[in-house]
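For reference, the structure is listed below as C-alpha cells.
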Amino acid sequence: MMGLSMGGGITLAFLRYSALAPRIAGVVLDSPPLEWRSLIRHFARRYYVRPFARLVEQLTVLKSGQDFDAVDHLSVMDRFQTPMLLFHGSADRTVPVAHVERFVRARPDIVEYHRVEGAEHIRPWNMDPEWYEATLTRFIRRVLAAEKSGE
C-alpha cells in the first residue's frame, strides 16, 4: 500500500483497524500526518491564532464527530508490525518533519526513513525522481522477497 499525505494517514488507519491488514506486506508513506491535535496546534502557531487551537479541535469534533484518538497513530506506534518506507521533506510546512521523526526514532525496526532535504509537503519525488523511484523499487523488492520466503 502507498499513501501520500492524508492517504498516508488513511493507510495507517487501515493497518490499525482492518481485518485485511495482515495481508499487507509493506507500506510506503510520503508526508503522512500522524496525529491531528498537534497539527491543529502547529497551524494555530503558524497563523498566529494559537489561543483558538483547542476551540478548533472542539468545533471539529462537534461538527464532524471526528475521533482524534482514532487517527492518533503516534500513540500506538508499538502496535505496527508492517515494514514501512517513509519519505518526508525537511521543508514540509504542512506536516512538520519532527512529527514523523518521532515515529521513525521509535520504530527503526520497521521504518526505513528518508528525509529529503529542502522538499516541501508531498514533494520528495520532485527533488530527485530517479533516486525516489530506485529507493521505492528496492523497498518493494525487499518486502516481496521477505513475503515470499515467509519472514
Side-chain angles (χ1 to χ4, degrees), residues 1-46 50 53-117 119-125 131-151:
M1 291 184 75
M2 182 170 186
L4 285 80
S5 190
M6 177 62 93
I10 292 168
T11 297
L12 291 172
F14 178 88
L15 291 179
R16 285 177 67 181
Y17 301 113
S18 176
L20 299 175
R23 295 183 179 191
I24 304 302
V27 168
V28 179
L29 304 170
D30 190 322
S31 312
L34 301 173
E35 195 278 312
W36 284 91
R37 288 180 184 103
S38 61
L39 281 180
I40 289 171
R41 288 189 302 273
H42 161 72
F43 279 101
R45 281 190 304 276
R46 184 172 165 190
R50 188 175 180 143
R54 181 77 175 133
L55 177 62
V56 169
E57 182 182 332
Q58 291 170 339
L59 290 174
T60 301
V61 170
L62 183 66
K63 179 75 174 162
S64 70
Q66 175 63 52
D67 179 354
F68 285 107
D69 292 331
V71 292
D72 177 358
H73 306 304
L74 289 177
S75 68
V76 295
M77 293 183 274
D78 58 318
R79 296 185 197 165
F80 293 109
Q81 300 304 317
T82 307
M84 299 179 191
L85 174 62
L86 175 58
F87 296 100
H88 205 88
S90 66
D92 190 331
R93 294 177 5 149
T94 302
V95 178
V97 71
H99 289 204
V100 299
E101 289 183 347
R102 179 176 162 209
F103 184 74
V104 169
R105 282 190 304 274
R107 295 308 309 269
D109 57 320
I110 63 168
V111 178
E112 176 185 329
Y113 174 54
H114 295 276
R115 177 181 172 137
V116 181
E117 293 304 321
E120 295 178 8
H121 189 64
I122 62 168
R123 296 293 187 262
W125 178 87
W131 167 83
Y132 189 105
E133 291 170 13
T135 302
L136 179 61
T137 299
R138 279 191 303 276
F139 175 79
I140 291 170
R141 286 184 178 149
R142 187 175 67 247
V143 166
L144 292 178
E147 183 75 10
K148 187 175 180 180
S149 70
E151 292 180 14

Measure across [X] and [Y] and return the closest heavy-atom pair with its distance rounded to 0.1 Å.
| X | Y | answer |
| --- | --- | --- |
| Met77 | Arg107 | O-NH1, 2.6 Å |
| His88 | Val97 | CD2-CA, 3.6 Å |
| Ala25 | Pro83 | O-CD, 3.3 Å |
| Val116 | Pro124 | CG2-CB, 3.6 Å |
| Tyr132 | Asp30 | OH-OD2, 2.6 Å |
| Arg16 | Asp72 | NH1-O, 3.1 Å |

What I'd like to find out is whether the side chain of [X] reaches to under 4.5 Å of the side chain of [Y], using heavy atoms alone.
| X | Y | answer |
| --- | --- | --- |
| Arg102 | Glu35 | no |
| Val95 | Pro32 | no |
| Ile24 | Phe14 | yes |

Q.
A quick test of your reading: do over 12 heavy atoms of other residues, nucleotides or ligands sit less than 6.0 Å from CD of Glu120?
A.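 Open: at most 12 neighbouring heavy atoms sit under 6.0 Å from CD of Glu120.
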Q. Where the side chain of Ser149 meets the backbone of Ala146, is there a donor-acceptor pair that is under 3.5 Å apart?
A.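 Checking the backbone N and O of Ala146 against the side chain of Ser149, a donor-acceptor pair under 3.5 Å is found.
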Q) Donor-acceptor pair, Arg123 side chain versus Gly89 backbone, under 3.5 Å? A) no
Q. Which of these passes side-chain contact (heavy atoms from CB on, under 4.5 Å) with Val28: Thr11, Leu136, Thr135, Leu4?
A.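 In the set Thr11, Leu136, Thr135, Leu4, the residue that makes a side-chain contact (heavy atoms from CB on, under 4.5 Å) with Val28 is Leu136.
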Q) Considering the options Val111, Leu12, Leu85, which one meets the side-chain contact (heavy atoms from CB on, under 4.5 Å) requirement together with Leu29? A)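 Among Val111, Leu12, Leu85, the one meeting side-chain contact (heavy atoms from CB on, under 4.5 Å) with Leu29 is Leu12.
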**Q.** Between NE2 on residue His73 and CZ on residue Phe103, distance to nearest 0.5 Å
**A.** 9.0 Å
Q.
Rounded to the nearest 0.5 Å, what separates atom CG in Asp92 from atom CZ in Arg115?
A. 10.5 Å
Q) Phe87 pairs by ring-ring contact (aromatic ring centres under 6.0 Å, His included) with which of Trp131, Tyr113, Trp125? A)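 The passing option is Trp131.
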